[in-house]
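What follows is a single structure, written as structure tokens, with notes after it.
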Amino acid sequence: MDKIVVEGGVKLKGEIEISGAKNAALPILVSSLLADGESVYSNVPRLMDIESIKLLLSSLGARIETDDRTVRIDGSGLHNHEAPYDLVRKMRASILVLGPLMARLKKARVSLPGGCAIGARPINFHLKGLQRFGAAISLKHGYVEASTDGLKGAEIFFDIVTVTGTENMMMAAVLADGITTLRNAAQEPEVVALAEVLQKMGAKIEGAGTPVITVSGVESLNPTSVSIIPDRIETGTYMIAAALTNGEITLKNCRPNHLEAVINKLEETGTRIETKEDQIRVTGPSVIKSADLKTLPYPGFPTDLQAQFMVLMSVADGKSVISETIFENRFIHVSELERMGADITISGHSALIKGVPNLSGAPVMATDLRASASLILAGLVAQGTTEVNRVYHIDRGYEAIEQKFKSLGARINRITV
Ligand code: EPU
């Protein structure tokens with residue numbers, strides 16, 4: 001299994017291109033199932049999670065061709081309504097096929113994803129939502145079995161804001177008979193990106209990006225061609241890396257307007273940020289100021305950058321409190337950061353971080369994508385060598401991470417063992 005070895009102590013300098021967003025690409029690739037004919041997606045990031053969803057879509061009958069970052073998917077051959085355990089367990093986002101399968105085939109058999117490193121992560125809102133469309137749902141042998149005579153537009157209220165739940169229900173609603181209203185819907189840019197793609201395919205959707213989304217079902221949709229939006233979590237990760245190393249970097253092909261909470265929080269730490277329409281320049285402070293943080297649904301600070309921000313606070317001047325409100329168990333990076341010398345105390349959903357002058361390199365590993373990224377960041381600022389094991393988590397969601405850091409001057413290498 002590969003590992004990434006980082007020698008700390010380099011101030012990052014230079015510029016890099018941000019890749020397409022994983023969490024926008026996943027639902028958008030799945031939306032190809034909603035039309036007959038070939039859809040063309042460009043700026044698709046080269047990631048393990050993208051390979052996993054392609055495998056799942058082709059197992060359902062879609063025809064897929066990939067040329068570098070362009071993926072062509074023809075959903076005409078969709079015939080199989082089953083998403084098996086072996087594919088779903090690798091990636092929870094596989095649950096996104098539920099809505100389109102119900103809309104197109106009127107039945108679905110999808111493995112329950114089960115727990116994962118960052119919490120129990122149930123799918124009850126996806127299932128309750130489908131029931132509101134009139135679908136019959138049962139759970140058998142670890143699978144969700146769903147069927148319908150035809151989905152009927154529904155009033156759906158989400159108890160908790162759910163990103164893939166909102167996306168799944170939107171994809172079920174576009175071909176349902178009548179009007180669907182989604183309340184307390186997720187407002188994430190990835191939800192808006194999916195809504196825009198569905199609109200291009202002929203769907204009638206209003207309110208994406210607000211808590212109330214209204215969908216008027218149509219008879220059929222057409223294939224489309226779109227470019228995937230830039231990854232705001234990848235962007236935020238490199239921004240924090242620059243802040244952490246007193247660096248000076250420019251991020252190209254990104255969307256500063258998707259990162260307001262992150263920009264605001266980094267400015268509190270003394271980081272200087274200049275934005276242009278699709279570029280961000282970040283200059284790290286010589287002394288990092290501490291800042292409290294609470295993760296929230298968009299437009300709040302994203303949970304997917306919490307671990308990385310905690311590394312920054314670990315070497316800040318003073319104390320800070322980070323509260324995780326989205327996932328119940330998203331502090332798995334803490335024990336690894338402690339092994340590198342961080343001073344962190346967890347109390348329930350909050351962590352008290354007392355900044356220390358230095359972290360020290362150590363062998364570490366994490367069981368989640370964003371936690372693994374945070375360990376690379378810790379390695380960049382630590383004294384000595386850090387070995388980040390179980391790199392496959394990083395390959396799920398960060399394209400060419402070591403090449404990008406290398407081009408910013410970092411001493412980072414991948415070792416295949
Ligand atoms: N929840 C339920 N029931 C449900 C659905 C969600 O209780 O039916 C709970 C979850 O357990 C969680 C909260 O609601 O406590 C929010 O979860 P959400 O459904 O929004 O998460 P998700 O859609 O499964 C997406 C991203 C995650 C990101 C979260 C939060 C994708 C493919 N994944 O997950 O990304 O952390 O939203 O923003 O879009 C990552 O990229 O590393 C990642 C984990």
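Remember, it's 1-based here, ligands and their atoms both numbered in the order they're listed.
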Quick test of your reading of the structure: of [options], whose heavy atom lies closest to [atom]?
| atom | options | answer |
| --- | --- | --- |
| atom 22 (P) of ligand 1 | Thr164, Thr295, Asp159, Asn124 | Thr164 |
| atom 5 (C) of ligand 1 | Pro122, Gly165, Pro27 | Pro122 |
| atom 17 (O) of ligand 1 | Phe158, Tyr398, Phe327 | Phe327 |
| atom 26 (C) of ligand 1 | Thr325, Asn23, Leu194, Asn168 | Asn23 |

Can we say [X] and [Y] salt-bridge, meaning some charged N sits less than 4.0 Å from an Asp/Glu carboxylate O?
| X | Y | answer |
| --- | --- | --- |
| Arg46 | Asp68 | yes |
| Arg109 | Glu82 | yes |
| Glu15 | Lys252 | yes |

- Thr162 N/O under 3.5 Å from ligand 1 N/O: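 N/O-N/O distance below 3.5 Å exists for this pair.
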
- Does the N or O separation between Lys22 and ligand 1 drop below 3.5 Å for any pair?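 Such a contact does occur with ligand 1.
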
Should the proximity of [X] to ligand 1, defined as any heavy atom under 4.0 Å, be assigned to the side chain, the backbone, both, or neither?
| X | result |
| --- | --- |
| Asp368 | neither |
| Arg330 | side chain |
| Val163 | both |
| Thr303 | side chain |

- Item | Contact atoms of ligand 1, heavy-atom distance to Ile326 under 4.0 Å | 12 (C), 13 (C), 15 (O), 16 (C)

Distance-only donor-acceptor pairs under 3.5 Å for side chains of residues 19-26, two or more places apart:
residue : atom : partner : partner atom : Å
Ser19   : OG   : Glu399  : OE1          : 3.3
Ser19   : OG   : Lys404  : NZ           : 2.8

- Query: Residues two or more places apart in sequence or in another chain: which of them pass side chain to side chain contact (heavy atoms under 4.5 Å, CB included) with Ala316?
  - Reply: Ile288, Ser290, Met313

- Query: For Arg370, is the nearest heavy atom under 4.0 Å from an atom of ligand 1?
  - Reply: yes

- Message: For Tyr143 together with Tyr85, are the ring centres under 6.0 Å from each other?
- Response: no

- Message: Return the CZ to CD distance between Arg414 and Gln403, rounded to the nearest 0.5 Å.
- Response: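 Between atom CZ of Arg414 and atom CD of Gln403 there are 7.5 Å.
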
